[in-house]
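Everything on this sheet refers to the single structure shown next.
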Amino acid sequence: MKLLREVCVVAGKDLRSEFRTKECLNAALSFAIVILVLFSFAVDPSSEQIREMSGGLLWLAFAFAGALILNQSFARELPNDCLDALVASPVSAAALFLGKAAANWLLLMIVELVCLPVFGVLYNMSWLGQWPLLLLVFLLASWGVTVIGTMFSALTVNLRLRELMLPTLIYPMMIPALMAAMQLTTVLIATSGVPPEDWIWVRLLVGFDIIFTSLAIALAEVVLLG
Amino acid sequence: MTRERVLYLMGGISAIWLVRNLYVMLLALPDEVEQGAIYRILFFHVPSWFTCFTGFFLAAVASGLYLKTKNSLWDTLAVASVEVGVAFTLVGLATGSIWARIIWGIWWTWDARLTWALITCLVYMGYLMLRGAFDDPTSRAKNAAVLCIFAFTSVVITFKAIDWWRTQHPGAVLSIRTGGGRIDPAMEQMIYQNWPALMLLAAVLVAIRMRQETMQRELEALRRRTHAF
């Protein structure tokens, strides 16, 4: 219970500071929409083929935009030594990590939920048929992406080449979650349900989330406190 | 016996062993019925993957031990194992590609096993890049150790990819996994004989890299001490 309260405090602090400036959110949203527009030049947006690529296009845009949010997650604590103050506060490292991850998760979900209708309009695609399942896929995959991203954001926060190192490290590590999310999103947009053989991707997403959340919580103290 | 001599001896044994294996592969073993002569590349392909997986496993264990003990020796072992592991990963990818070109007619296909092998290679290259980005040795060792533990998950997925997905890459052939019957015993024996020879070579390379890393650490410490005055 105490952990949950601490997680909410840290997440609330991050979200409040983000909503005051909307620095990352605006940048991530605009970037994701620009990517979605750029895709229309790479493939014929009116073709039937686009439906089979929908998951891939959407999740590439989310992954690129997500990196902007994740990059700032710990970097915003650097001015005025706020990170040192956070680490010195009576909040456990696991709560600090989970709070930051939860805030990033919510921000990424906002980007996704805004981009999805925009994608539907731009590419003339209906995505409402399976929306509860689609939401579940978005929730699970976004958590996987943010857990890895938040952990690696903490690892690279003090680097000069932070903006370059973070995407280089996180994208290969995120591939299981992205792969599953792309596959399931395509299936849910292009067809009327998830075929039995595709449930392996849901299991992969759940497994990915459990394994990396446990690993991140176990290693949070080492990463944040040294 | 000095450390150098032990290394030279191990390197020599590995070289003689590999030459002997090459002789058996090329002159004693017959061509495979369906694949012809190219199947011999598997005697390097499979052991290279076993060797790199062993290296990455060692690196993950050493990273865990570093985080527990903060002894820089474990960090040195981890980085040496990863570097040698990456070299063997590239050998595995190259030999696999050559085999695929002859048998499948293509150098590469986006099959689950191949894709995961490439991802593993990229993840560990990222590990080496991350190390290079830190100036402070303690932060470098700590953060690299965390990444190394995370990175090992991709090794597990690469290893299990042929069981979890339907792949173009051939399924398990070794009798320890299939119970036998998928490969000629003499050919399987050759894989088991080439693996320790490559492992011995890898051990020599890891030992050399560990010594270089220790020396570099001492040099960095000396440089810092000089700048402090």
Side-chain angles (χ1 to χ4, degrees), chain A residues 56 74 83 93 97 144 147-180 182-183 197-201 203-205 207-226, chain B residues 56 60 63-70 74-75 86 89 110-158 160-161 163-167:
Chain A
F74 280 90
L83 189 56
F97 170 78
V147 151
I148 291 278
T150 310
M151 177 49 88
F152 283 44
S153 169
L155 283 181
T156 54
V157 66
N158 289 314
L159 293 179
R160 270 171 289 127
L161 295 170
R162 181 177 60 234
E163 278 86 1
L164 184 74
M165 283 304 297
L166 186 70
T168 315
L169 294 177
I170 57 173
Y171 290 136
M173 290 299 300
M174 279 176 187
I175 286 173
L178 287 178
M179 217 163 87
M182 285 173 181
Q183 189 76 20
E197 70 268 18
D198 278 333
W199 279 97
I200 188 181
W201 297 108
R203 286 207 296 274
L204 180 74
L205 266 185
F208 182 93
D209 286 0
I210 293 172
I211 290 170
F212 282 105
T213 308
S214 318
L215 257 180
I217 291 173
L219 294 170
E221 194 162 332
V222 174
V223 175
L224 295 173
L225 309 182
Chain B
F56 294 148
S63 297
L65 287 170
Y66 172 78
L67 292 177
K68 200 171 159 58
T69 62
K70 301 288 179 208
W74 295 119
D75 177 55
V86 167
T89 306
W110 293 101
D111 150 86
R113 173 53 88 76
L114 274 69
T115 310
W116 277 107
L118 185 61
I119 292 166
T120 302
C121 189
L122 291 175
V123 166
Y124 280 99
M125 281 178 172
Y127 167 90
L128 296 176
M129 267 178 68
L130 181 77
R131 290 189 72 89
F134 280 98
D135 295 327
D136 172 41
T138 315
S139 309
R140 177 169 56 213
K142 181 193 77 177
N143 291 336
V146 172
L147 175 58
C148 195
I149 293 171
F150 270 83
F152 191 67
T153 51
S154 66
V155 174
V156 177
I157 300 175
T158 307
K160 294 296 287 177
D163 301 325
W164 291 344
W165 287 280
R166 226 174 319 156
T167 57

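These values consider heavy atoms only, across backbone and side chains, with no hydrogens, waters or symmetry-generated copies. Throughout, protein chains are lettered first and strands after them, A, B, ... in sequence-line order, and every chain is numbered starting at 1.
- Ranked by non-hydrogen atom pairs under 4.5 Å with chain A, the options B:Thr153, B:Ile149, B:Thr120 are led by B:Thr153.
- B:Ile157 touches chain A through its side chain: at least one heavy atom from C-beta onward sits under 4.5 Å away, while N, CA, C and O do not.
- Taking CE of A:Met173 as the reference point, atom CG of B:Leu122 lies at 12.0 Å (rounded to 0.5 Å).
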Name every donor-acceptor pair, under 3.5 Å, that has one atom in a side chain of residues 161-172 of chain A and the other anywhere in the protein, sequence neighbours excluded.
unit_1, atom_1, unit_2, atom_2, d
A:Arg162, NH1, A:Val157, O, 3.0
A:Thr168, OG1, A:Leu164, O, 2.6
A:Tyr171, OH, A:Ala63, O, 3.0

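- Your options are A:Ile211, A:Ile200, A:Leu159, and the one with the most heavy-atom pairs under 4.5 Å with chain B is A:Leu159.
- Residues of residues 131-141 of chain B having a heavy atom under 4.5 Å from any heavy atom of chain A, listed by number: B:Ala133, B:Phe134, B:Asp135.
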Could you pull out every donor-acceptor pair under 3.5 Å between side chains of residues 212-226 of chain A and any protein atom, sequence neighbours left out?
unit_1, atom_1, unit_2, atom_2, d
A:Thr213, OG1, A:Trp143, NE1, 2.9
A:Thr213, OG1, A:Asp209, O, 2.4
A:Ser214, OG, A:Ile210, O, 2.5

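- Residues forming a side-chain hydrogen bond (donor to acceptor under 3.5 Å, both in side chains) with B:Lys160 (at least two apart in sequence, or on another chain): B:Asp163.
- At a 4.5 Å heavy-atom cutoff, the contact between B:Leu67 and chain A is made by side-chain atoms alone.
- Minimum heavy-atom separation, B:Trp116 to A:Met179: NE1-CE, 4.0 Å.
- The environment of B:Lys70 atom NZ is dense: over 12 non-hydrogen atoms of other residues, nucleotides or ligands sit within 6.0 angstrom.
- Heavy-atom neighbours of B:Trp74 CH2 from other residues, nucleotides or ligands within 6.0 Å: at or below the threshold of 12.
- To the nearest 0.5 Å, atom CE of residue A:Met151 and atom CG of residue B:Asn143 are 10.0 Å apart.
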